[in-house]
Asks: 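Before I ask anything, let me first share the structure, which is written out below as structure tokens.
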Amino acid sequence: MATSSVLPTTKPVVREWADEDDFSNKLPPLEEWYDEEGLKHVVEYHFNEENKLVKTTKVFRVKKETKQVSKSVAERRHWKKFGDCQRAPPGPEPGVTAVSLDDVSIEYKRGEESEGEEDLKAKEQKDIQKMLAMQRFKRRLEERRAGVANWAQLMALKAGAQRDELEVPSTNANSANTGKYVPPHLRGGGRVSSDSSYTRDDSATVRVSNLSPNTTESDLQELFHPFGNIRRIFISKDRHTGEGKGFAFVAFSNREDARKCIEKLDGYGYDHLILRCEWAKPSENKRGQK
Amino acid sequence: MRPLILKGHERPLTMLKYNSEGDLLFSTAKDSTPTVWWTSNGERIGTYRGHNGAVWSIDVNNDSTRVVTGSADNSAKFWRAETGECILTWTHKSPVRCVSFSSDDQFVFVATAMLMGQSSEIYQYLVDSESLEEASVPIRTFSGHSATVTRVVCHPTEKTLISTGEDGTVRKWDIETGRNTETVTIHQKPINDLQLSKSGGQLITASSDFSAKILDFRSLKVLKTFLTDRPVNSAAISPILPHVLLGGGQEASQVTTTGDRAGRFEARLFHLIYEDEIGIIRGHFGPINTVAFSPDGLQFASGAEEGFIRLHNFDEEYFQASYN
């Protein structure tokens, strides 16, 4: 079996006008010889589209590889070509079989270290968030158990203060009496208590719409932080796909900052979309219904 | 590695099949000419001329003297492998989806599609006999399929036949009685390919539901599942390493809507035991329709929607790398 590597060089031969008749119909014969280095030279002639004679010299390095094969395989090596390539000369047909020009390699799924690192960071962050949420939940449980309105009161109680000294909301006491759970926002007769941590001050919140779905919190942080201190950013996401719904709320600490932000960023082109910034509508009604 | 690119076909490839020694590669495409190639240098040996439509399937017998092909022109043909001469044509009432030799080369199984008001059937023909009349009538029919049969594979030693369908079912048949002995549904979408492991003990399925599964031949129990993010059109088990090769890509009808990176047209190597992805081999610019390992495991061939076959000889590195 021989494998060949091809190093073709094409050299057009300019013909003399006197030679015209000699070569007009027939091609010079194919020449083949081996040089002293063992390289095989093949010289072919053909006419190109402009009917000019072209001489092509191909130089091959012929490497013989011996491979032991079974008898039946060796016999099959003598099969003659048939069908569409019946008339083709022995050897691979130029237009049909080609060696890939680029070197293809198996792209191993490595680089997991860097990926892993990123994953770890994200995981860590998630863990912290979870831990904090758990803590908040525990505090609330303890608060309820002690029958106090907030953590500070509970701390004070623990420090030895008398219950009477604390301003325990009466509704809380009622709920404790009846043994019925009253959601925090309904304690105090359904009115929204201003001191409760459950109410949000929406007066400095900006509603941003027409965002592209893949906007992240950090993108918005970057976009909005020049206007002032941001308390929180909320991006509305689809519950199932996790894709952004195209709007977000950015809460500033300062109403003045929010106003400036709306002034500047309403109609601002961001990520090929035109942002719309407006005051967030207060959602008190909604909360009241719950 | 520098793959050999075989450009003999003008239409999407449908099936690739190595002969038992691995020196020949048989290919079929949606053009009407099944082709045979040398695997050592990619040289085309010949084409089997006679079909009149897309050719869906090809099989070669153990001593590489006979070839059987099945085509959408409703016929299956029996050929002399060396000369490309058609010995026999079986005509059916609907397109032939799959053809397969029995393990002893005595029979040929021809599966027809559930189309044109016909039910899908597997016909068994005796091709070992001397008389052509005897060979031209089916000796047995395996019926009772609820969807088109996509692949038929015969057990190497037992008298059992496995067929897969477009409804995601795998059926086991008794060759002697023609009875359907077992049916399991393991995929939600059509099963596109079914190949045997080298020992014949396991089967691998490839399905449009983005997964490939390894089954135990006897019990039809799912042993391993390989998950991808694109339809899997073909799957093969390496004969020498615990590797699985999957070929697929997004559906051909949606290809024009995305670039080739997004299409995931690469062949994917998975670890047989750990079910993890080992790596990918790029090169095709259409979804891969069929993949096959050479019997010595040193080479694999892939054929894609763009009409090219790529023959990859694995580098030394592939055999030395460890994946644990």
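First the proteins, then the strands, lettered A, B, ... as listed; each starts at 1. As the structure is a prediction and not an experimental result, all values here were calculated from the model.
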Asks: According to side-chain hydrogen bond (donor to acceptor under 3.5 Å, both in side chains), who are the partners of B:Asp31, at least two apart in sequence or on a separate chain?
Replies: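 So B:Asp31 forms a side-chain hydrogen bond (donor to acceptor under 3.5 Å, both in side chains) with B:His9.
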Asks: So does A:Arg207 have more than 12 non-hydrogen atoms from other groups sitting under 6.0 Å from CZ?
Replies: yes
Asks: Between chain A and each of B:Gly22, B:Ser64, B:Gly283, count heavy-atom pairs under 4.5 Å; write down the option with the most.
Replies: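 Most pairs with chain A among the choices: B:Ser64.
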Asks: Is B:Lys7 close to A:Thr97 at the side-chain level, that is, under 4.5 Å between some pair of heavy atoms?
Replies: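 No; the side chains remain at least 4.5 Å from each other.
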Asks: Is it the backbone or the side chain of B:Thr33 that comes under 4.5 Å from a heavy atom of chain A, or both, or neither?
Replies: side chain
Asks: For the NZ atom on B:Lys17, are there more than 12 heavy atoms of other groups (residues, nucleotides or ligands in this structure) within a distance under 6.0 Å?
Replies: no
Asks: Taking A:Asp84 for the side chain and B:Thr47 for the main chain, is one N or O donor matched with an acceptor at less than 3.5 Å?
Replies: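 Judged by distance alone, no pair lies under 3.5 Å.
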Asks: Is A:Leu132 atom CG crowded by more than 12 heavy atoms from other residues, nucleotides or ligands, each under 6.0 Å away?
Replies: yes
Asks: Between B:Phe314 and A:Ile106, is any pair of side-chain heavy atoms under 4.5 Å apart?
Replies: yes
Asks: With a 4.5 Å cut-off on heavy-atom pairs, point out which of B:Ile281, B:Leu4, B:Ile45 contacts chain A the most.
Replies: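 So the answer, after comparing B:Ile281, B:Leu4, B:Ile45, is B:Ile45.
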Asks: Heavy-atom distances under 4.5 Å only: say whether B:Arg2 touches chain A with side chain, backbone, both or neither.
Replies: both
Asks: Under a 4.5 Å cut-off applied to non-hydrogen side-chain atoms, are A:Tyr108 and B:Glu277 in contact?
Replies: no
Asks: More than 12 heavy atoms of other residues, nucleotides or ligands under 6.0 Å from CD of A:Glu31: yes or no?
Replies: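 It does: A:Glu31 CD has more than 12 such atoms within range.
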Asks: Tell me, side chain or backbone of B:Asp63 under 4.5 Å from chain A's heavy atoms, or both, or neither?
Replies: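 Only the backbone of B:Asp63 comes within 4.5 Å of chain A.
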Asks: Answer whether the closest heavy-atom distance between the side chains of A:Phe82 and B:Glu82 falls below 4.5 Å.
Replies: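 A side-chain contact is absent here, since even the closest heavy-atom pair is not under 4.5 Å.
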Asks: Taking every heavy-atom pair that is under 4.5 Å apart, which of A:Asp102, A:Val73, A:Asp103, A:Val104 has the most such pairs with chain B?
Replies: A:Val104
Asks: Of the backbone (N, CA, C, O) and the side chain (C-beta and beyond), which part of B:Ala267 lies under 4.5 Å from a heavy atom of chain A, both, or neither?
Replies: neither
Asks: Who in residues 289-299 of chain B is close to chain A, using a strict under-4.5 Å heavy-atom cut-off?
Replies: none
Asks: Between A:Gly91, A:Ser105, A:Ser72, which has the largest tally of heavy atom pairs under 4.5 Å with chain B?
Replies: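 Looking at each option in turn, the highest pair count goes to A:Gly91.
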Asks: Closest heavy-atom contact between A:Ser100 and B:Arg310?
Replies: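 Scanning both residues, the minimum pair turns out to be OG-NH2, 3.9 Å.
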Asks: Side-chain contact, heavy-atom cut-off 4.5 Å: A:Glu93 with B:Glu43?
Replies: no
Asks: Is the cationic atom of A:Arg77 (NZ for Lys, CZ for Arg) positioned less than 6.0 Å from the six-membered ring centroid of B:Trp38 and within 45 degrees of its normal?
Replies: yes
Asks: Mind ranking B:Ile280, B:Ile309, B:Leu311 by heavy-atom pairs under 4.5 Å with chain A and telling me who comes out on top?
Replies: B:Ile280
Asks: Sort B:Thr35 into side chain, backbone, both or neither according to what part of it lies under 4.5 angstrom from a heavy atom of chain A.
Replies: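 Contact with chain A involves no heavy atom of B:Thr35 at all.
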Asks: Of the listed residues (A:Val69, A:Val99, A:Val96), which shares the most heavy-atom pairs with chain B below a 4.5 Å separation?
Replies: A:Val96
